[in-house]
Each structure stands twice: as C-alpha cells, then as structure tokens.
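All figures in this text were calculated on a predicted structure; none of them were measured in a lab. Within every chain, numbering begins at 1; the chains are lettered A, B, ... in the order of the sequence lines, protein sequences first and strands thereafter.
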Amino acid sequence: MPIYALVDCNNFFVSCERAFDPSLKDKPVAVLSNNDGCIVARSQEVKDMNVPMGVPYFQWRALCQKNDVKVMSSNYHLYSDMSKRVMKILADFCPELEVYSIDEAFLDLTAFAAHTNIREFCNKLRMAVLQWTGIPISIGVASTKTLAKLANHIAKKKTSSGVYIMPSPQDSSELLSHLPVEEIWGVGHRMGKRLREEYGVFTVKGLRDSDPHQIRRGFSVVGERIVYELRGISCLTLEEMDEPSKTIVASRSFGKAVTLRQELEESVAWHVTRAAERLRKQGAKAGGLYVMLRAGQIGKASYDSRYISLLPATFDTSTMIAKAKQAVREMYKEGVHYKKSGVCLYDIMPQSQTQGDMLLPEWEDTPKRVTVNRLVDDVNRIMGDDSLVYAATGTKRDWRMSCSLRSPRYTTHWNEILTV
DNA sequence: TCTGGGGTCCTAGGACCC
DNA sequence: TCTGGGGTCCTAGGACCC
C-alpha cells in the first residue's frame, strides 16, 4: 500500500513576512493579492476574527483597522524564493517529491515505511524546515493523495504536533463523518452544493460510502476517482516530472481605469514580454496567442478577446507584440473604462519540434531574432528584471498596479534592504 | 417521401486547485 | 469607489471522414 504525505506551509505568505520581520510575531497579519484587491493570506489571529480567505479587502478594511491588523501587499519575489528553500529541504529528506504549489508538496514515503518510523520522520522534517527557514509546516499522511490532503487539514485543525497520520479507512469513519464534504480536494462550491441537494451527501464519509457508478453519472470520472481515493484506493500518483506548462498566462488589473488605446497597447506588450520570457525559459515556442480585455467592475464586467494564430510557432517577443497590439486595435472602443488586460500563450511546444507543414512562410525565428531574445533574457537575468525592456511597453506605465504596502524583497533585491 | 453508423479531432467552456 | 493571478483537467458538441 502506498504512503503519501502532504506537506503544507502554515499561513505561508504571512510566515514568510514574519521570518524577516520578528515584530510581526503574535500580531494579526493579512497579506493582499496583486493590486491590493483581495485577502489571500491570514495569520491565525486574523482567521480567529472570522475574516474569510479570498474576500475583497475593502469590505474588511474597517474590521482590520479596528483590530490593528498589519495589512501587507504581496511580495512574490520573497515568497517564491522562500518556497524554493523549503522545497529543497523536503527533497533532501525525500527525493520522491511533487511540488504541488508554492506552499505544498506531496512526498511518497512508501519506501520509508519498512525501516523508518513515519511519525518520527515527520517530526524531524518539521523541525528542520522551521529551523532552517523559519516556516512552520503541517504534515498529513495517508494511503492516497486525497486522504493525505484531508489528513493535513486535520493536522492543522486538530493536533498540536502539526502531524496527523490517518488510520485505515474503517478506523477513520467517525472522524470523516464530522468533516463537511467540501473539505475534500476536488470538491468545490458547485459540486458540494449538488452533492448536498441532489444526492443527500453532506460529509466526507457520505461521499466515501456513495456508489461510485452513480457518482460517475453525475460528476464524471473526476467524481468517481474521488470516491475511490477516499476508500484508500490510490488513483492519483506522484507527478515528479517538472512538466513544461501547456499555457502561459500574464495578466494584471490596472491600478486605475485605462481609457487610452496607447496605454492599453503598452500594457498588453508588457504582458507579452513577461509571458514570452517564461516561454523561452522552458525552451518552448507558442503556436497561439490570446489577448483579453476587461472593462467594468467584476459581476457586471464586459470582456473582449481575440485568438491569434502564430504560424510558424515562435518565441520571439517582438513578433508577438506586433500581433497582440493589432488585436488591441481591433477591440479598442473609445470611452470605455478598461480595468484589466492579459495575454495567454497556448499550443506550446518544444523549440526543437519542427512544423509538419513545409509550405509555411520562411522561418520567423531567424538567427538575428534568436540572438536578440537571448540577449534580453541574459541582461535581465544578470541585471535584474526589467533592466532591458521593449519600447512598446511604454515608459510611464501609469496603468501599473498599486502595491504600496509591500515589504522589501529581502532575499532577492539587496538594494531594497539598504534603502529601508 | 425517404435520410446510417461509427469514429476521430478540435475547441470552448466549466469546474476545480492554490 | 474599491473584487488576484496562474494553472490543470474533463466534457459536450461540432466538423469532418469513411
């Protein structure tokens, strides 16, 4: 029987901030999303105030101020650097590892079980990560990934040790009969509602004991798989390979409404630049480009978008900027208050892959373009992001988002620390 | 007037995740 | 007045083919 562990960093963004600013310890801390829009991380003190995850900050600002919550903008440079450090330690302890998100990883402990006490192993791992990075973690252990997720949830909520090892399915019935069905990994808002209203399933145990065929009819193979995973039958395996992305998205809300076509074009050129950089980083080229604009508030927003075929597939920033700007010119309407723009690269393939169609126009990624792109990437890697930019991205960039409450990028931008 | 059956591929959209 | 950003997987339905 396989043994999976899910390691999850507690209140990750908050813990990162606290690791570098001890004055935040034991104080209520909340971290906001890009553009200071939503609350995306909360310290335990803030959770205890019943501030939910992912809610618009402006609706909770008064409560936060009243309770003296330290509210911070996101500092993704810091979080991703800290994430790498944590994952490195996990990999040293257990090479069979799947980095699932910025603050989570699955470990396959099956091979350890024969000669290692799993609980002791988990305790050591927690101590190591805490001592070497300052980040507290929780660990859930079970025989499937879905159950390990649940075990982690229990480790966080119901243990003081931060480690929970789930007993066999029979022995965990009592516990699972108290957990709402929405706690399951893969059961979201919609599925939870339908399970309750149409199937009379309210708890984890309820879904575990449902008829897999009936669940499949209502929720496809995805639902059926969850039932089996809950029964301890492993359907999901560790995905250790660092697979290249199938799509690359770059998008941002504007700091203020944008009405000028030129600013819109600049913002899209900027997103293309970032997306293409990531594309080249994974040694790939894209066969398509999607450009999206949003106007108006969420809920009553209007969207417009264009799919653009890139043939032959390319990784060249200027080629993509030209096409993306053309799309913006087609969509632009005077007087509209635009709130967000974004691009998505799709049909991504390795650069080595050749086109099947020999009748295509001449190869676009000429040696000169290859050189220019590589130069830009090298300069930005060595000198820091945005040292070399395309003129099409503009110089003023008034549309950029606000992040006035951001902490210094302690681990990646030493100049910011010196100017604190 | 009558109008098969089976298969593949592609895409848009939905649901979910953190 | 103010609601993030970046992903994955699955399915239905249409186009197309024989």
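Searching all strands for a Watson-Crick or G-U wobble partner of B/dT11 with both distances below 3.5 Å returns C/dA12.
Contact check, A/R225 against C/dC9: no side-chain N or O comes under 4.0 Å of OP1 or OP2. Contact check, A/R274 against C/dG6: a side-chain N or O comes under 4.0 Å of OP1 or OP2. Contact annotation: A/K246 reaches the phosphate of C/dC9 (side-chain N/O to OP1 or OP2, under 4.0 Å). A sub-4.0 Å separation between OP1 or OP2 of C/dG6 and a side-chain N or O of A/R252 is present. For the pair A/Q59 and C/dT3, the criterion of a side-chain N or O lying under 4.0 Å from OP1 or OP2 is not met. Not one side-chain nitrogen or oxygen of A/T247 sits closer than 4.0 Å to the OP1 or OP2 atom of C/dG6. Put simply, A/R278 has a side-chain N or O that comes within less than 4.0 Å of OP1 or OP2 on C/dG7. For C/dG5, one of the phosphate oxygens OP1 or OP2 lies less than 4.0 angstrom from a side-chain nitrogen or oxygen of A/K340.
Looking at A/K149 and A/E183, no side-chain N of the basic residue comes within less than 4.0 Å of a carboxylate O on the acidic one, giving no salt bridge. Taking 4.0 Å as the cut-off between side-chain N and carboxylate O, A/R374 and A/D378 do not count as a salt-bridged pair. Residues A/E229 and A/K145 are not paired through a salt bridge, judged by the lack of any N-O separation under 4.0 Å between the basic side chain and the carboxylate. Residues A/R261 and A/E265 are paired through a salt bridge, judged by an N-O separation under 4.0 Å between the basic side chain and the carboxylate. No salt bridge links A/K325 with A/E266; every basic N to acidic carboxylate O contact stays at or beyond 4.0 Å.
The separation between A/F254 atom CZ and C/dG5 atom P is 10 Å, rounded to whole Å. Separating the CZ atom of A/R294 from the P atom of C/dC2 is a distance of 10 Å, rounded to the nearest angstrom. Between A/H189 atom NE2 and B/dG14 atom P the separation is 17 Å, expressed in whole Å. Counting to the nearest Å, the C1' atom of C/dG7 and the OH atom of A/Y346 are 17 Å from each other. For A/E183 and B/dC17, the CD to P distance is 11 Å, given to the nearest whole Å. As rounded to whole Å, 13 Å separates atom P of B/dC17 from atom CZ of A/R190. Atom pair A/H271:NE2 and C/dG5:P shows a separation of 8 Å (rounding to whole Å applied). Between the CG atom of A/N152 and the P atom of B/dC18 there is a distance of 10 Å, rounded to whole Å.
Note on A/K149: only backbone sugar-phosphate atoms sit closer than 4.0 angstrom, heavy atoms only; bases stay farther off. Heavy atoms of A/V221 sit under 4.0 angstrom from primed sugar atoms or phosphate atoms, though from no base atom. Within 4.0 Å (heavy atoms only), A/I102 reaches no atom of the nucleic acid at all. Note on A/Y57: nothing from the nucleic acid sits closer than 4.0 angstrom, heavy atoms only. Across all strands shown, A/I184 has heavy atoms under 4.0 Å from sugar-phosphate atoms exclusively, and none from any base. Residue contacts for A/S74: at a heavy-atom cut-off of 4.0 Å it reaches no nucleic acid atom on any strand shown.
For the pair A/R194 and A/F219, the cation-pi criterion (under 6.0 Å, within 45° of the ring axis) is fulfilled.
The nearest heavy atom of DNA chain C to A/S220 and to A/S251 marks one nucleotide each, and the one closer to the 5' end goes with A/S251. Where A/Q297 and A/V222 each meet DNA chain C at their nearest nucleotide, the meeting point lying more 5' is that of A/Q297.
Note: A/F20 and A/Y410 have parallel aromatic rings, judged against thresholds of 30 and 60 degrees for the angle between ring planes.
The side chain to side chain donor-acceptor pair (under 3.5 Å) search around A/D81 returns A/R85, A/T411, not counting sequence neighbours.
Between C/dC18 and B/dT3, the two P atoms lie 25 Å apart (nearest whole Å).
Contacts between residues 325-338 of chain A and DNA chain B, defined by a heavy-atom separation below 4.0 Å, involve no residue at all.
Checking A/Y79 against A/E17 by side-chain atom types alone, a donor-acceptor pair falls below 3.5 Å.
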